[in-house]
Amino acid sequence: MKIYALIGILLLCLLALRMVPLSVFPSMHMLDIGQGDSLLFQEKNTQVLIDGGSGSIVLTRLAEEMPWFDRRIEVVVATHYDKDHLEGLLHVLSTYDVGMVIMPQYAATTTNIKKEFIDLLIQRHIPYRFGRYGQILHADSLVLRVMSPIPGDEWTRLSKSKSNNASIIMRADIMPQGKRPMSFLLTGDAESGIEKQLVSSIPASAFDVDVLKVGHHGSKTSTSSEFLAAASPFASLISVGANNTYGHPTTEVLERLKNTQIFRTDQKGTISFFFDGNSWMISCERKTDLPFSQKFCMHK
(Lines give C-alpha, C1' and ligand atoms only; values in the text may rest on other atoms or scores of the structure.)
Protein backbone atom coordinates (compact mmCIF):
# COMPACT_ATOMS: atom_id res chain seq x y z
CA MET A 1 0.00 0.00 0.00
CA LYS A 2 2.88 2.34 0.79
CA ILE A 3 4.29 1.76 -2.71
CA TYR A 4 0.93 2.55 -4.31
CA ALA A 5 0.62 5.67 -2.18
CA LEU A 6 4.12 6.78 -3.20
CA ILE A 7 3.33 6.22 -6.86
CA GLY A 8 0.14 8.25 -6.45
CA ILE A 9 2.03 11.13 -4.85
CA LEU A 10 4.62 11.07 -7.64
CA LEU A 11 1.88 11.18 -10.27
CA LEU A 12 0.25 14.12 -8.51
CA CYS A 13 3.61 15.92 -8.40
CA LEU A 14 4.15 15.33 -12.12
CA LEU A 15 0.66 16.61 -12.86
CA ALA A 16 1.29 19.71 -10.76
CA LEU A 17 4.53 20.36 -12.63
CA ARG A 18 2.70 20.12 -15.95
CA MET A 19 0.28 22.78 -14.75
CA VAL A 20 3.11 25.28 -14.20
CA PRO A 21 3.54 27.60 -17.22
CA LEU A 22 6.74 26.93 -19.11
CA SER A 23 9.37 29.65 -19.45
CA VAL A 24 9.42 30.41 -23.16
CA PHE A 25 12.06 32.82 -24.47
CA PRO A 26 11.20 35.14 -27.39
CA SER A 27 11.10 33.26 -30.68
CA MET A 28 9.92 33.34 -34.27
CA HIS A 29 9.00 30.21 -36.19
CA MET A 30 8.46 29.95 -39.93
CA LEU A 31 6.16 26.94 -39.84
CA ASP A 32 6.56 24.11 -42.32
CA ILE A 33 3.07 24.13 -43.85
CA GLY A 34 3.94 23.30 -47.46
CA GLN A 35 3.20 25.75 -50.27
CA GLY A 36 2.05 28.78 -48.33
CA ASP A 37 3.00 31.05 -45.43
CA SER A 38 2.62 30.83 -41.68
CA LEU A 39 4.79 32.53 -39.06
CA LEU A 40 4.48 32.29 -35.28
CA PHE A 41 5.97 34.79 -32.82
CA GLN A 42 5.81 33.84 -29.19
CA GLU A 43 7.11 34.70 -25.75
CA LYS A 44 5.98 32.91 -22.62
CA ASN A 45 2.23 32.42 -23.18
CA THR A 46 1.82 35.20 -25.75
CA GLN A 47 1.51 34.37 -29.47
CA VAL A 48 1.14 36.33 -32.67
CA LEU A 49 0.34 34.22 -35.74
CA ILE A 50 0.78 35.65 -39.23
CA ASP A 51 -1.04 33.62 -41.92
CA GLY A 52 -2.00 29.96 -41.71
CA GLY A 53 -1.15 28.25 -45.00
CA SER A 54 -3.52 25.84 -46.76
CA GLY A 55 -5.56 23.11 -45.11
CA SER A 56 -5.28 22.34 -41.41
CA ILE A 57 -1.58 21.43 -41.10
CA VAL A 58 -1.01 24.69 -39.24
CA LEU A 59 -2.74 23.12 -36.21
CA THR A 60 -0.10 20.38 -36.10
CA ARG A 61 2.70 22.92 -36.39
CA LEU A 62 1.24 25.13 -33.66
CA ALA A 63 1.02 22.13 -31.35
CA GLU A 64 4.75 21.53 -31.92
CA GLU A 65 5.68 25.06 -30.84
CA MET A 66 3.12 26.29 -28.31
CA PRO A 67 2.86 25.13 -24.67
CA TRP A 68 0.38 22.26 -24.49
CA PHE A 69 -1.88 24.10 -22.05
CA ASP A 70 -2.08 27.35 -24.02
CA ARG A 71 -5.25 27.48 -26.14
CA ARG A 72 -5.20 31.23 -26.81
CA ILE A 73 -3.51 33.16 -29.62
CA GLU A 74 -3.48 36.84 -28.79
CA VAL A 75 -3.22 38.22 -32.34
CA VAL A 76 -3.79 36.66 -35.78
CA VAL A 77 -2.74 38.53 -38.92
CA ALA A 78 -4.11 37.62 -42.35
CA THR A 79 -1.74 39.34 -44.78
CA HIS A 80 -4.15 38.82 -47.71
CA TYR A 81 -6.97 36.55 -48.83
CA ASP A 82 -5.23 33.92 -50.98
CA LYS A 83 -5.99 30.34 -49.97
CA ASP A 84 -2.37 29.43 -49.26
CA HIS A 85 -2.27 32.11 -46.55
CA LEU A 86 -5.85 32.21 -45.29
CA GLU A 87 -7.36 28.72 -45.28
CA GLY A 88 -5.41 27.51 -42.27
CA LEU A 89 -6.60 30.49 -40.27
CA LEU A 90 -10.17 29.20 -40.57
CA HIS A 91 -9.05 26.14 -38.61
CA VAL A 92 -7.16 28.32 -36.13
CA LEU A 93 -10.20 30.50 -35.45
CA SER A 94 -12.32 27.38 -34.91
CA THR A 95 -9.79 25.71 -32.59
CA TYR A 96 -8.16 28.46 -30.54
CA ASP A 97 -9.40 31.40 -28.53
CA VAL A 98 -8.22 34.36 -30.66
CA GLY A 99 -7.91 37.80 -29.09
CA MET A 100 -7.86 39.95 -32.23
CA VAL A 101 -7.45 39.69 -35.99
CA ILE A 102 -5.67 42.16 -38.29
CA MET A 103 -6.53 41.85 -41.98
CA PRO A 104 -6.56 43.87 -45.23
CA GLN A 105 -9.51 46.14 -45.88
CA TYR A 106 -9.11 45.72 -49.63
CA ALA A 107 -8.86 42.72 -51.96
CA ALA A 108 -8.65 42.81 -55.75
CA THR A 109 -11.37 40.16 -56.01
CA THR A 110 -14.00 38.82 -53.65
CA THR A 111 -13.50 35.13 -52.87
CA ASN A 112 -15.56 32.54 -51.04
CA ILE A 113 -12.75 31.93 -48.56
CA LYS A 114 -12.63 35.63 -47.66
CA LYS A 115 -16.38 35.62 -47.00
CA GLU A 116 -16.08 32.43 -44.94
CA PHE A 117 -13.28 34.01 -42.92
CA ILE A 118 -15.24 37.17 -42.13
CA ASP A 119 -18.40 35.18 -41.35
CA LEU A 120 -16.40 33.11 -38.86
CA LEU A 121 -15.03 36.23 -37.18
CA ILE A 122 -18.55 37.53 -36.70
CA GLN A 123 -19.89 34.15 -35.56
CA ARG A 124 -17.18 33.76 -32.90
CA HIS A 125 -17.31 37.44 -31.88
CA ILE A 126 -13.61 37.96 -32.59
CA PRO A 127 -12.57 41.64 -32.76
CA TYR A 128 -10.80 42.66 -35.96
CA ARG A 129 -8.94 45.64 -37.33
CA PHE A 130 -7.88 46.61 -40.84
CA GLY A 131 -4.14 46.92 -41.35
CA ARG A 132 -2.98 50.47 -42.08
CA TYR A 133 0.39 52.12 -42.48
CA GLY A 134 1.80 53.34 -39.18
CA GLN A 135 -0.01 50.92 -36.88
CA ILE A 136 2.17 49.59 -34.06
CA LEU A 137 1.49 46.48 -32.00
CA HIS A 138 3.36 45.66 -28.77
CA ALA A 139 3.35 42.12 -27.34
CA ASP A 140 5.93 41.55 -24.58
CA SER A 141 9.32 42.12 -26.28
CA LEU A 142 7.79 41.99 -29.79
CA VAL A 143 7.00 45.18 -31.70
CA LEU A 144 5.13 44.91 -35.03
CA ARG A 145 4.88 47.90 -37.37
CA VAL A 146 2.60 47.98 -40.41
CA MET A 147 4.52 49.35 -43.42
CA SER A 148 1.96 48.71 -46.15
CA PRO A 149 -0.73 49.50 -47.26
CA ILE A 150 0.55 53.03 -47.85
CA PRO A 151 -2.30 55.52 -48.41
CA GLY A 152 -2.50 56.96 -51.90
CA ASP A 153 -3.39 56.39 -55.51
CA GLU A 154 -0.30 54.34 -56.38
CA TRP A 155 -0.98 51.66 -53.76
CA THR A 156 -4.64 51.54 -54.80
CA ARG A 157 -3.69 51.12 -58.46
CA LEU A 158 -1.25 48.29 -57.74
CA SER A 159 -3.60 46.53 -55.34
CA LYS A 160 -6.47 46.61 -57.81
CA SER A 161 -4.27 44.82 -60.33
CA LYS A 162 -3.46 41.85 -58.04
CA SER A 163 -4.59 40.77 -54.59
CA ASN A 164 -0.96 39.90 -53.75
CA ASN A 165 -0.19 43.61 -53.81
CA ALA A 166 -2.80 44.25 -51.12
CA SER A 167 -0.68 42.21 -48.69
CA ILE A 168 -0.09 43.68 -45.27
CA ILE A 169 3.67 44.19 -44.96
CA MET A 170 5.11 44.39 -41.45
CA ARG A 171 8.41 44.91 -39.71
CA ALA A 172 8.85 42.81 -36.58
CA ASP A 173 11.43 43.59 -33.90
CA ILE A 174 12.06 41.26 -30.97
CA MET A 175 13.85 43.22 -28.28
CA PRO A 176 14.86 41.21 -25.18
CA GLN A 177 15.59 43.63 -22.35
CA GLY A 178 19.23 44.67 -22.37
CA LYS A 179 20.11 42.23 -25.16
CA ARG A 180 20.62 42.37 -28.92
CA PRO A 181 17.33 42.74 -30.83
CA MET A 182 16.40 40.71 -33.91
CA SER A 183 14.46 42.30 -36.78
CA PHE A 184 12.34 40.74 -39.52
CA LEU A 185 10.70 42.14 -42.67
CA LEU A 186 7.48 40.26 -43.45
CA THR A 187 6.32 40.85 -47.00
CA GLY A 188 3.31 38.59 -47.62
CA ASP A 189 3.04 38.07 -51.40
CA ALA A 190 3.65 41.72 -52.37
CA GLU A 191 5.30 42.16 -55.76
CA SER A 192 8.04 44.45 -57.06
CA GLY A 193 5.74 47.43 -57.74
CA ILE A 194 4.79 47.60 -54.06
CA GLU A 195 8.44 47.07 -53.10
CA LYS A 196 9.43 50.05 -55.24
CA GLN A 197 6.72 52.18 -53.64
CA LEU A 198 7.95 51.26 -50.16
CA VAL A 199 11.57 52.04 -50.93
CA SER A 200 10.64 55.45 -52.37
CA SER A 201 8.17 56.35 -49.61
CA ILE A 202 9.65 55.11 -46.33
CA PRO A 203 12.97 56.03 -44.65
CA ALA A 204 15.77 53.60 -45.47
CA SER A 205 16.31 52.78 -41.79
CA ALA A 206 12.91 51.08 -41.71
CA PHE A 207 14.24 48.40 -44.09
CA ASP A 208 17.51 47.71 -42.32
CA VAL A 209 16.62 44.28 -40.93
CA ASP A 210 18.40 41.09 -39.94
CA VAL A 211 16.01 38.67 -41.65
CA LEU A 212 13.86 38.94 -44.77
CA LYS A 213 10.78 36.78 -45.25
CA VAL A 214 11.08 36.48 -49.03
CA GLY A 215 8.00 37.69 -50.88
CA HIS A 216 5.60 35.31 -52.67
CA HIS A 217 7.58 32.14 -51.89
CA GLY A 218 10.51 33.19 -54.07
CA SER A 219 8.50 34.14 -57.17
CA LYS A 220 10.43 36.20 -59.72
CA THR A 221 7.79 38.94 -59.41
CA SER A 222 9.05 39.81 -55.90
CA THR A 223 12.33 40.48 -54.07
CA SER A 224 13.71 43.02 -56.52
CA SER A 225 17.38 43.94 -56.31
CA GLU A 226 16.53 47.46 -55.09
CA PHE A 227 14.27 46.14 -52.34
CA LEU A 228 16.85 43.58 -51.25
CA ALA A 229 19.57 46.24 -51.12
CA ALA A 230 17.35 48.39 -48.91
CA ALA A 231 16.63 45.50 -46.53
CA SER A 232 20.26 44.24 -46.44
CA PRO A 233 19.39 41.07 -44.47
CA PHE A 234 21.96 38.52 -43.31
CA ALA A 235 19.38 35.73 -43.67
CA SER A 236 16.48 35.05 -46.04
CA LEU A 237 13.49 32.81 -45.28
CA ILE A 238 11.52 31.10 -48.03
CA SER A 239 8.29 29.30 -47.17
CA VAL A 240 7.66 26.88 -50.01
CA GLY A 241 6.32 23.40 -50.69
CA ALA A 242 8.61 20.63 -51.92
CA ASN A 243 8.39 19.99 -55.67
CA ASN A 244 5.71 22.66 -56.07
CA THR A 245 4.25 23.24 -59.53
CA TYR A 246 5.04 26.99 -59.50
CA GLY A 247 8.80 26.59 -59.73
CA HIS A 248 9.29 28.44 -56.43
CA PRO A 249 11.78 29.65 -55.48
CA THR A 250 12.99 30.79 -58.90
CA THR A 251 16.64 30.75 -59.92
CA GLU A 252 16.48 34.54 -60.45
CA VAL A 253 15.51 35.18 -56.83
CA LEU A 254 18.00 32.67 -55.45
CA GLU A 255 20.72 34.44 -57.40
CA ARG A 256 19.70 37.78 -55.89
CA LEU A 257 19.79 36.23 -52.41
CA LYS A 258 23.20 34.58 -52.82
CA ASN A 259 24.88 36.96 -50.37
CA THR A 260 22.44 36.03 -47.62
CA GLN A 261 22.07 32.77 -45.74
CA ILE A 262 18.98 31.13 -47.24
CA PHE A 263 16.62 28.96 -45.19
CA ARG A 264 13.83 27.07 -46.97
CA THR A 265 11.00 25.14 -45.35
CA ASP A 266 11.00 22.55 -48.16
CA GLN A 267 14.60 21.70 -47.22
CA LYS A 268 14.73 22.40 -43.48
CA GLY A 269 11.17 22.10 -42.21
CA THR A 270 10.12 24.64 -39.57
CA ILE A 271 12.81 27.27 -39.13
CA SER A 272 13.05 28.82 -35.67
CA PHE A 273 14.87 31.91 -34.45
CA PHE A 274 14.95 32.00 -30.68
CA PHE A 275 16.67 33.81 -27.85
CA ASP A 276 18.28 31.49 -25.30
CA GLY A 277 18.76 34.13 -22.62
CA ASN A 278 22.13 35.32 -23.92
CA SER A 279 22.19 35.09 -27.70
CA TRP A 280 20.10 34.29 -30.78
CA MET A 281 20.03 30.77 -32.18
CA ILE A 282 18.50 29.21 -35.28
CA SER A 283 17.03 25.73 -35.39
CA CYS A 284 17.43 24.53 -38.96
CA GLU A 285 16.76 20.79 -39.02
CA ARG A 286 13.47 19.08 -39.71
CA LYS A 287 11.71 18.44 -36.42
CA THR A 288 10.84 15.11 -34.89
CA ASP A 289 8.59 14.70 -31.89
CA LEU A 290 11.60 15.29 -29.63
CA PRO A 291 12.44 19.00 -29.37
CA PHE A 292 16.03 18.32 -28.23
CA SER A 293 16.77 16.55 -31.54
CA GLN A 294 17.02 19.88 -33.35
CA LYS A 295 20.46 21.11 -34.36
CA PHE A 296 21.61 24.69 -34.17
CA CYS A 297 23.10 25.96 -37.37
CA MET A 298 23.90 29.56 -36.49
CA HIS A 299 25.03 31.38 -33.39
CA LYS A 300 24.63 35.15 -33.59
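Sequence positions, counted from 1, serve as the residue numbers for this chain.
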Derivation and outcome, side-chain contact (heavy atoms from CB on, under 4.5 Å), residues Lys179 and Asn278 | CA-CA 7 Å; Lys179 302 292 184 179; Asn278 295 299; 4.1 Å; yes
Pair Asp51 + Lys213: basic N to acidic O under 4.0 Å =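 No salt bridge links Asp51 with Lys213.
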Cationic N near anionic O, under 4.0 Å, Asp153 to Arg157 =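 Answer for the salt bridge query: no.
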Kindly indicate whether the side chain of [X], heavy atoms from C-beta on, has any atom under 4.5 Å from the side chain of [Y].
{"X": "Leu49", "Y": "Leu62", "value": "yes"}
{"X": "Arg264", "Y": "Leu254", "value": "yes"}
{"X": "Asn112", "Y": "Lys115", "value": "no"}
{"X": "Met103", "Y": "Phe130", "value": "yes"}
{"X": "Arg71", "Y": "Thr95", "value": "yes"}
{"X": "Met182", "Y": "Val211", "value": "yes"}
{"X": "Leu212", "Y": "Phe227", "value": "yes"}

Would you find a donor on one side and an acceptor on the other, under 3.5 Å apart, between the side chain of [X] and the backbone of [Y]?
{"X": "Thr270", "Y": "Asp32", "answer": "yes"}
{"X": "Ser222", "Y": "Ser219", "answer": "no"}
{"X": "Gln177", "Y": "Ser141", "answer": "no"}
{"X": "Gln35", "Y": "Gly241", "answer": "yes"}
{"X": "Arg124", "Y": "Leu93", "answer": "yes"}
{"X": "Ser94", "Y": "His91", "answer": "no"}
{"X": "Thr79", "Y": "Ile168", "answer": "no"}
{"X": "Thr156", "Y": "Gly152", "answer": "yes"}
{"X": "Glu195", "Y": "Ser224", "answer": "yes"}
{"X": "Asp266", "Y": "Asn243", "answer": "no"}

Enter the distance from [X]:[atom1] to [Y]:[atom2] here, rounded to the nearest 0.5 Å.
{"X": "Ser283", "Y": "Phe274", "atom1": "OG", "atom2": "CZ", "result": "6.5 Å"}
{"X": "Ile202", "Y": "Gln197", "atom1": "CD1", "atom2": "CD", "result": "8.0 Å"}
{"X": "Arg145", "Y": "Gln135", "atom1": "CZ", "atom2": "CD", "result": "13.0 Å"}
{"X": "Met30", "Y": "Ile50", "atom1": "CE", "atom2": "CD1", "result": "10.0 Å"}
{"X": "Lys220", "Y": "Thr250", "atom1": "NZ", "atom2": "OG1", "result": "7.5 Å"}
{"X": "Gln42", "Y": "Met28", "atom1": "CD", "atom2": "CE", "result": "12.0 Å"}

With sequence neighbours excluded, residues passing side chain to side chain donor-acceptor pair (under 3.5 Å) with Thr223 =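 So Thr223 forms no side chain to side chain donor-acceptor pair (under 3.5 Å) with any residue.
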Determine, step by step, whether Ser54 and Asp84 satisfy the side-chain hydrogen bond (donor to acceptor under 3.5 Å, both in side chains) criterion, reporting the C-alpha distance in whole Å, the side-chain angles of both residues, the deciding distance to 0.1 Å, and the verdict.
-> CA-CA 5 Å; Ser54 298; Asp84 61 336; 5.7 Å; no
Please report the closest heavy-atom contact between [X] and [Y], naming both atoms and the distance.
{"X": "Gly55", "Y": "Glu87", "result": "N-OE1, 2.7 Å"}
{"X": "Trp155", "Y": "Ile150", "result": "CB-O, 3.1 Å"}
{"X": "Phe263", "Y": "Ala235", "result": "CE1-CB, 4.0 Å"}
{"X": "Ser239", "Y": "Gly36", "result": "OG-O, 2.5 Å"}
{"X": "Ala172", "Y": "Leu144", "result": "CB-CD2, 3.4 Å"}
{"X": "His29", "Y": "Ser272", "result": "ND1-OG, 2.7 Å"}

Take atom OH of Tyr96 as the centre, draw a 6.0 Å sphere, and report whether it contains more than 12 heavy atoms from other residues, nucleotides or ligands.
->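 Yes, OH of Tyr96 has more than 12 neighbouring heavy atoms, counting only those of other groups under 6.0 Å.
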Enclosure of Tyr246 OH (heavy-atom neighbours >12, cutoff 6.0 Å) =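 No, not enclosed.
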Can you hop from [X] to [Y] via hydrophobic side chains spaced under 4.5 Å?
{"X": "Val77", "Y": "Val143", "answer": "no"}
{"X": "Tyr133", "Y": "Leu185", "answer": "yes"}
{"X": "Ile136", "Y": "Ile174", "answer": "no"}
{"X": "Met175", "Y": "Phe207", "answer": "no"}
{"X": "Val101", "Y": "Ile113", "answer": "yes"}

Take Leu40 and Arg61 through the side-chain contact (heavy atoms from CB on, under 4.5 Å) test and state the conclusion after the steps.
-> CA-CA 10 Å; Leu40 174 70; Arg61 297 294 175 249; over 6 Å; no
Is the closest side-chain donor-acceptor distance between Ser232 and Asp208 under 3.5 Å?
->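 Yes.
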From CA spacing to verdict: side-chain contact (heavy atoms from CB on, under 4.5 Å), Leu257, Ile238 = CA-CA 11 Å; Leu257 296 171; Ile238 304 176; 4.1 Å; yes
With side-chain contact (heavy atoms from CB on, under 4.5 Å) as the test, would you mind laying out the steps for Phe117 and Leu90 before giving the verdict?
-> CA-CA 6 Å; Phe117 182 71; Leu90 297 174; 3.9 Å; yes
Describe, in one word, how the ring planes of His85 and His217 are oriented to each other, choosing from parallel (under 30°), tilted (30 to 60°) and perpendicular (over 60°).
->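 Aromatic pair His85/His217 classed tilted.
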